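Okay, structure first, notes after.
Excluded from the calculations below are hydrogen atoms, water molecules and symmetry mates; all remaining heavy atoms, backbone and side chain alike, are included. Ligands are counted one by one from 1 in listed order, and the atoms in each one are counted from 1 as well. Everything quoted here is computed from the prediction, not taken from an experiment.
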Amino acid sequence: KQRVLSGIQPTSSSFHLGNYLGALQYWVTLQDDYDALYFIPDMHAITVAHDPKQLRARTRAAAAQLLAIGIDPKRSTLFVQSQVPEHAELAWVLSCITGFGEASRMTQFKDKSVRQGAENATVGLFTYPVLMAADILLYRPHQVPVGEDQRQHLELTRNLAQRFNTRYKKTFVVPEAHIVKGTAKIYDLQDPTAKMSKSAATDAGLINLLDDPKITAKKVRSAVTDTEREIRYDTEAKPGVSNLLVILSSLTGTPIVTLEKDFEGKGYGDLKSDVADALVEFVTPLRAKVEEYLADQGELDRILAAGAEQAREIAGNTLAQVYDRVGFLAR
Ligand code: TYM
């Protein structure tokens, strides 16, 4: 069996629709055919200012959401990054084969550091992509399901894997980014040219999975569209309408061409109303399941501890090889 691995940060109390449609929905389906490892990168979450108590709560909330969407700990390994110390250890080795210039070209660092004021950005935020490469390479996955915004980090990961393999000995699998074209970038409902993100200036265009469904429906009804009337997929001319079509198509499993036909002669209000209904139908049972998982914290922590143990078996193996190959004495 080939392997998949991916991670989602616990930087908010709820995942958003972009996370789900761009990545998480594929995590669930890939479990069927792959040996799957999914984790919560809490070490990445401390690269920016954070509250410790909140981080702990958000890490558990992330685990509960992953279980609720259908990540099955019997079939997949679900774990928290900081419970597997090999991530930090491999990150150090990889940082020693990463060029300073190479790291400086990571656009996400540029974006995030500009927001914080470049002088205040942490070194951790700067080396974040190297830790991400370690997250991946430790498990030798073939596929890494992510959204478009992670493509450059995956490219760096592939380069580091190849570099290590040639400099020392073939150690890492060079992973492929599993990015699904139609859903790779879900847009903000208020600014359909910007990706949906929890760091947007306002949250009016952000659909959180755990929000009150009434709020979600309201946000959909006030989504920005355009001054035409035609419901047609055209990302250039009609980014708002196209985004709504992508969302509806993904949630209902109906191809966009079919939706275009169904909406012939109908208006934007009808489209929004269908998107709102599909979302409410999706999030309502999800919220209930998340509540259930969160209610039994002991069980949640046990699932994560078991996941970390399984992950460490793989990660420990890879790290031992890496340490040997770079010339460290055996522990
Ligand atoms: P994170 O936590 O920001 O996002 C989790 C996943 O959601 C995707 N995503 C989107 N997809 C489509 N449209 C959007 N608007 C949208 N917003 C977010 C992201 O691409 C991602 O797949 N660096 C990673 C976490 C990470 C990781 C890893 C991922 C750390 N180590 C190793 C894979 C492998 C991140 O910050 O994702």
Side-chain angles (χ1 to χ4, degrees), residues 3-28 30 36-48 58-59 61-62 65-66 69 71 79-82 84 87-88 90-91 94 106-109 111-112 124-125 127-158 160-161 175-200 203 205-209 235 239 243 246-247 250 311 315:
R3 183 171 284 163
V4 292
L5 169 132
S6 198
I8 179 160
Q9 288 202 62
T11 40
S12 159
S13 52
S14 172
F15 296 155
H16 61 70
L17 189 63
N19 297 139
Y20 181 74
L21 294 182
L24 301 179
Q25 63 164 327
Y26 305 110
W27 294 20
V28 176
L30 288 165
L37 292 125
Y38 300 123
F39 75 103
I40 301 161
D42 55 345
M43 292 162 70
H44 279 94
I46 68 166
T47 55
V48 293
R58 287 174 173 180
T59 300
Q65 288 173 87
L66 291 175
I69 62 164
I71 301 302
F79 67 98
V80 173
Q81 184 186 33
S82 61
V84 181
H87 289 243
L90 180 60
L94 294 180
M106 296 291 115
T107 54
Q108 209 169 62
F109 172 76
D111 296 346
K112 287 195 186 177
L125 187 65
T127 57
Y128 168 124
V130 180
L131 178 58
M132 177 161 164
D135 297 338
I136 297 169
L137 297 180
L138 270 178
Y139 301 94
R140 301 182 168 112
H142 304 88
Q143 298 284 334
V144 182
V146 288
E148 180 62 39
D149 60 354
Q150 300 300 316
R151 189 186 289 281
Q152 197 188 29
H153 293 157
L154 251 300
E155 219 29 67
L156 175 72
T157 304
R158 290 166 54 84
L160 294 178
E176 303 273 344
H178 180 282
I179 298 175
V180 180
K181 217 173 160 214
T183 50
K185 192 169 177 186
I186 301 298
Y187 295 87
D188 187 289
L189 299 190
Q190 285 300 316
D191 176 7
T193 58
K195 76 166 177 185
M196 184 177 286
S197 157
K198 49 208 159 217
S199 42
D203 72 356
L206 172 72
I207 302 292
N208 284 309
L209 302 184
T235 51
N243 193 38
V246 167
I247 293 170
S250 281

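- Closest approach of Pro239 to Thr193, counting heavy atoms only: CG-CG2, 4.4 Å.
- In terms of polar-atom proximity, defined here as any N/O pair under 3.5 Å, Met196 does make such a contact with ligand 1.
- For a threshold of 3.5 Å applied to N or O pairs, the pair formed by Lys195 and ligand 1 contains no separation below that value.
- Contacts between Thr183 and ligand 1 below 4.0 angstrom, taking non-hydrogen atoms only, involve the backbone exclusively.
- In terms of polar-atom proximity, defined here as any N/O pair under 3.5 Å, Asp149 does make such a contact with ligand 1.
- Considering both main-chain and side-chain atoms, His153 never comes within under 3.5 Å of ligand 1 through any nitrogen or oxygen pair.
- Between the side chain of Asn243 and the main chain of Tyr187, a donor-acceptor pair closer than 3.5 Å is present.
- With distances taken over non-hydrogen atoms, the option nearest atom 30 (C) of ligand 1 out of Ile179, Val246, Asp188, Asp135 is Asp135.
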Inset, instruction - Report the C-alpha separation of His178 and Val146 in whole Å, then their side-chain angles, then the decisive distance to 0.1 Å, and conclude whether the side chain to side chain contact (heavy atoms under 4.5 Å, CB included) test is met. - result: CA-CA 6 Å; His178 180 282; Val146 288; over 6 Å; no
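- Only one option out of Leu30, Leu24, Val180 pairs with Pro145 in a side chain to side chain contact (heavy atoms under 4.5 Å, CB included); it is Leu30.
- Residue Pro145 has no N or O atom closer than 3.5 Å to an N or O atom of ligand 1.
- Aromatic ring centres of His87 and Tyr139: separated by under 6.0 Å.
- Contacts of Tyr26 with ligand 1, taken as heavy-atom pairs under 4.0 Å, are absent altogether.
- Listed here is the closest heavy atom pair of Met43 and Gln81: N-OE1, 2.9 Å.
- Here the heavy atom of the protein found nearest to atom 23 (N) of ligand 1 is Tyr128 OH, 2.6 Å.
- Counting heavy atoms closer than 4.0 Å to ligand 1, residue Ala184 contributes backbone atoms (N, CA, C, O) but none from C-beta onward.
- Close to ligand 1: Phe39, with a non-hydrogen atom less than 4.0 angstrom away.
- At a heavy-atom distance under 4.0 Å, atoms from both the backbone and the side chain of Gln9 approach ligand 1.
- Rounding to the nearest 0.5 Å places CG of Leu131 at 11.5 Å from CG of Leu125.
- Between Ile186 and ligand 1, an N or O atom pair is found at a separation short of 3.5 Å.
- Across every non-hydrogen atom of Pro175 and Leu154, the tightest pair is CG-CD1, 4.4 Å.
- Among all non-hydrogen protein atoms, the one lying nearest atom 10 (C) of ligand 1 is Gly18 O, 3.4 Å.
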Inset, instruction - Take Tyr26 and Thr183 through the side chain to side chain donor-acceptor pair (under 3.5 Å) test and state the conclusion after the steps. - result: CA-CA 10 Å; Tyr26 305 110; Thr183 50; 2.6 Å; yes
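- For atom 3 (O) of ligand 1, the nearest non-hydrogen atom from the set His16, Gln150, Lys185 comes from Gln150.
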Legend entry - Chi angles and distances behind the side chain to side chain contact (heavy atoms under 4.5 Å, CB included) call for His153, Tyr128: CA-CA 9 Å; His153 293 157; Tyr128 168 124; 3.8 Å; yes
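- Summarising the contacts of atom 21 (C) of ligand 1 with Ser6, Gly147, Ala177, the nearest heavy atom is found in Gly147.
- Counting heavy atoms closer than 4.0 Å to ligand 1, residue His44 contributes side-chain atoms (C-beta onward) but none from N, CA, C or O.
- Atom OG of Ser197 is separated from atom CD1 of Ile186 by 13.5 Å, given to the nearest 0.5 angstrom.
- Scanning the protein for heavy atoms near atom 7 (O) of ligand 1, the closest one is Asn19 ND2, 3.1 Å.
- For the 3.5 Å distance criterion, the side chains of Ser82 and Asp42 qualify, holding a donor opposite an acceptor.
- When only non-hydrogen protein atoms are considered, atom 25 (C) of ligand 1 lies nearest to Gly7 O, 3.8 Å.
- Atoms of ligand 1 lying under 4.0 Å from any heavy atom of Gly22, numbered from 1 in the order shown and given with element: 11 (N), 12 (C).
- Regarding atom 32 (C) of ligand 1, its nearest protein heavy-atom neighbour is Ile136 CG1, 3.6 Å.
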Inset, instruction - Show your working on side chain to side chain donor-acceptor pair (under 3.5 Å) between Ser12 and Ser14 and close with a plain yes or no. - result: CA-CA 5 Å; Ser12 159; Ser14 172; 5.7 Å; no
